[in-house]
Amino acid sequence: MKRMNVKDLITSTQFNEEVLVKGWVRTIRGSKNVSFIALNDGSCMANAQIVADSEKIPAEILDKTHSGAALSIEGQLVESKGKGQLNEVLATKIEVLGESNPDEYPIQPKRHTLEFLRENAHLRFRTNLFGAITRVRHAMIFAIHDFFNHRGFYNIHSPIITGSDAEGAGEMFKVTTLDMLNPPKTETGEVDYSKDFFGKATNLTVSGQLEAELAALAMSKVYTFGPTFRAENSNTSRHLAEFWMIEPEVAFADNNDNMDLAEAMLKYVVQYALDNCAEDLEFLEQRLKNEEKQKPESERSMPLVEKLKFVLENDFERITYTEAIDILKKSKPNKKKKFDYIIEEWGADMQSEHERFLVEKHFKKPVIITDYPKGIKAFYMKQNDDGKTVAAMDVLFPQIGEIIGGSQREENYDKLMTRMKEMDIPEETMWWYIDTRKFGTVPHAGYGLGFERLLLFVTGMTNIRDVIPFPRFPKNAEF
RNA sequence: GCCUAAUUAGCUCAGUUGGUUAGAGCACAUGACUGUUAAUCAUGGGGUCCAAGGUUCAAGUCCUUGAGGGGGAGCCA
């Protein structure tokens, strides 16, 4: 007999058919004559209801059937006598494939805290919540590839180990095979990386952008989607030491094209979630509603699905940094000194309280801020004609803050070199990047989307450690 | 690394101005129940009160230091 997964089984109306189904026990409710097993195999949110009649199923089998146990069940699919499900399986044979000691199994059929589940990340897939998150994450991966593929982009695998240490995106993890207790030294007493595996110092990548630029300046439209590593001591709900980033790079494009692409991409993947993850989103929405019951009404946010539709139906607000600073200067919290950091003059870096004010209070929708002061942005960004700003753009989302950071790139050789000198970027290790400005340089632009931040928005989760299966963060690489 | 409130049973939490033998709900075990929906009812077992040191006749409770985690800020995606 062919095994049916739970997803197909629970919608089947092929009553009286013999079925085989396998999965893990979520709960078992017993009485004298009959027991009910809720069986899940990850194929969907809902469980299959298995009915075990004590006349057909030996007591020693049911004695081994606890939450977490793996079962193989043969039986007859029948219309359910109870409410809450279309059908159920009248078991004729139950085999316990893997027992689960109820005194030791940590996942109970009740609400657990996210902190507890994080400490049991090896088993948290077995909860409704993490099943839903895992399925939505998978759907979003496909949506991203689908979007770029439809638009004629090529996917580029940028290197994970990199020899350049000047990407400027943060602290890097060293990659070495040298003996840490006794490394070879140079004459001046420093570690001699010329003796290392690659003959030079290497790190885990903090961004695939520079490599994506090389590809874009031949293939026109490319994107990377790969792991990214930052050795920052960031202890927040929005940062990971290992995360996945999507970085499109487009030749013959300026910063406006860049914003159009970013907005279209975000809307496409949100629509994809609504179209393909309805059951999981409904569960996530209900969970959020329960969480928010404790909050005062004024602090409650829009229901999840409504929030996703809102993003689809509204154009993102596009304003320059200069306009944003003006709005903030004139804002109530700034005048009444309610901000922790008061905005006084042009050139100040915006804090997350300011971004939140613009997105959640002032515009009440996603905001793209452009043309930042060059002093607070990276060396490769296109310098504007005003001499003060660069053609950067950050997409800010409610609750999450910066979800995308991008820019048009400086394609002019002389301007790029001048800027690199000003910012002490070592040219000798970047010769390959600079070469692209010597040979057929063209205007081009791109951005980086933090995949887990996108998932925070789509799932309504608030801690980034809960939207990646095995989070890496300071002091933790347990699983 | 900074700020902040916390750390008590397997889980979620309560524990009064320091004072007998540290409690509840859920989970688990046993029993009851002819169909449950996180079933219900009864009974029972279950504690290094985060760690180390200190104050005190007496510390879960007060003080000091440390650890890991939460929330916030910074760095960013």
Side-chain angles (χ1 to χ4, degrees), chain A residues 26-38 46-55 63 66-68 78 80-85 88 90 100-120 127-128 167-171 206-209 226-247 262 290 339-341 349-356 376-378 394-397 400-406 447-457 462-468 473-476 478:
Chain A
R26 282 292 170 79
T27 62
I28 174 163
R29 298 174 290 273
S31 64
K32 195 176 183 181
N33 298 323
V34 65
S35 294
F36 299 91
I37 299 165
N47 304 316
Q49 170 149 285
I50 312 298
V51 183
D53 192 314
S54 53
E55 282 181 12
D63 285 347
H66 295 106
S67 288
V78 296
S80 181
K81 287 186 201 168
K83 284 175 188 166
Q85 58 279 318
E88 58 196 24
L90 285 178
S100 175
N101 184 338
D103 290 328
E104 291 172 24
Y105 186 60
I107 308 298
Q108 297 169 8
K110 60 171 265 189
R111 190 191 158 275
H112 285 109
T113 59
L114 294 170
E115 291 85 352
F116 175 76
L117 292 172
R118 233 168 270 150
E119 286 166 12
N120 291 280
T127 62
N128 285 335
E167 288 159 20
E171 288 295 311
V206 292
S207 163
Q209 179 201 315
T228 313
F229 308 88
R230 306 267 167 98
E232 304 284 346
N233 189 18
S234 295
N235 291 287
T236 81
S237 55
R238 302 185 311 281
H239 292 85
L240 290 164
E242 177 182 302
F243 63 100
W244 290 70
M245 189 152 64
I246 293 109
E247 295 178 287
N290 294 339
F339 283 141
D340 289 334
Y341 297 86
D349 211 347
M350 267 182 259
Q351 310 293 318
S352 48
E353 58 180 344
H354 306 129
E355 296 178 351
R356 273 207 310 275
I376 58 174
K377 289 288 179 184
D394 285 359
V395 181
L396 310 180
F397 261 37
I400 291 146
E402 187 176 342
I403 195 168
I404 282 178
Y447 59 82
L449 165 74
F451 183 59
E452 283 76 18
R453 289 195 181 167
L454 172 67
L455 281 173
L456 284 179
F457 182 73
T462 52
N463 193 316
I464 202 160
R465 295 168 187 182
D466 297 326
V467 294
I468 187 168
F473 52 95
K475 304 262 159 62
N476 194 302
E478 182 67 28

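In what follows, every chain begins at residue 1, and chains take the letters A, B, ... in the order their sequences are listed.
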[X] side chain N/O closer than 4.0 Å to the phosphate oxygens (OP1, OP2) of [N]?
| X | N | answer |
| --- | --- | --- |
| A/R26 | B/rU36 | no |
| A/S352 | B/rA73 | yes |
| A/K32 | B/rC33 | yes |
| A/H112 | B/rA27 | no |
| A/Q85 | B/rU37 | no |

- Item | salt bridge (charged side-chain N to carboxylate O under 4.0 Å, His left out) involving A/R29 - partner list, sequence neighbours excluded |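 Partners of A/R29 under the salt bridge (charged side-chain N to carboxylate O under 4.0 Å, His left out) test: none.
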- Item | Partners passing salt bridge (charged side-chain N to carboxylate O under 4.0 Å, His left out) against A/R465 (at least two apart in sequence or in another chain) |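 Salt bridge (charged side-chain N to carboxylate O under 4.0 Å, His left out) check on A/R465 returns nothing, list empty.
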- Task: For nucleotides 38-49 of chain B, just jot down a letter per nucleotide in 5' to 3' order: B, S or -, based on protein non-hydrogen atoms under 4.0 Å.
- Result: BB----------
- Task: If a protein heavy atom is under 4.0 Å from the base, mark B; if only from the sugar-phosphate, S; if neither, -; do that for nucleotides 66-71 of chain B going 5' to 3'.
- Result: --SSSS
- Query: How would RNA chain B look in dot-bracket form, 5' to 3', counting Watson-Crick and G-U wobble pairs with both distances under 3.5 Å and writing | for bases paired to another strand?
  - Reply: .(((..(..((((.....[...)))).(((((.......))))).....(((((..]....))))))..))).....
- Does any N or O donor sit under 3.5 Å from an N or O acceptor when you compare the side chain of A/E232 with the base of B/rG1?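 Checked by distance alone, the answer is no.
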- Message: Using only modelled atom types and a 3.5 angstrom limit, is any donor from either the side chain of A/E104 or the base of B/rG10 paired with an acceptor on the other?
- Response: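 Such a pair does not exist between side chain and base.
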- Give the rounded distance in Å between these two atoms: CD of A/E88 and C1' of B/rU37.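 These atoms are roughly 11 Å apart.
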- Task: Let me know the distance between NZ of A/K83 and C1' of B/rU37, rounded to the nearest Å.
- Result: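 Atom-to-atom, A/K83 to B/rU37, this comes out as 12 Å.
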- Nearest-angstrom distance, P atom, B/rC33 to B/rA42: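 16 Å, rounded to whole Å.
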Can you list the residues that meet the side-chain hydrogen bond (donor to acceptor under 3.5 Å, both in side chains) rule with [X], with sequence neighbours excluded?
| X | value |
| --- | --- |
| A/T236 | A/H239 |
| A/S80 | A/Q85, A/E88 |
| A/E452 | A/R137 |
| A/N233 | A/N235 |

- What are the two closest heavy atoms between A/V467 and A/L455, and how far apart are they?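 Minimum heavy-atom separation between A/V467 and A/L455: O-CD1, 3.5 Å.
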- Message: Heavy atoms only, 4.0 Å cut-off, all strands: where does A/D349 land among base, sugar-phosphate and nothing?
- Response: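 Answer is sugar-phosphate: A/D349 comes under 4.0 Å of backbone atoms only.
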- Task: Could you name each residue pair satisfying salt bridge (Lys or Arg N to Asp or Glu O under 4.0 Å) that touches residues 102-111 of chain A, not counting sequence neighbours?
- Result: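 Salt bridge (Lys or Arg N to Asp or Glu O under 4.0 Å) check on residues 102-111 of chain A returns A/R111-A/E291.
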- Message: Suppose we screen for side chain to side chain contact (heavy atoms under 4.5 Å, CB included). Which residues come up paired with A/P109, at least two apart in sequence or across chains?
- Response: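 Applying side chain to side chain contact (heavy atoms under 4.5 Å, CB included) to A/P109 gives A/T27, A/S67.
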- Results of ring pair (Phe, Tyr, Trp, His ring centres under 6.0 Å) for A/Y105 - residues two or more places apart only: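 With sequence neighbours excluded, A/Y105 shows a ring pair (Phe, Tyr, Trp, His ring centres under 6.0 Å) to no residue whatsoever.
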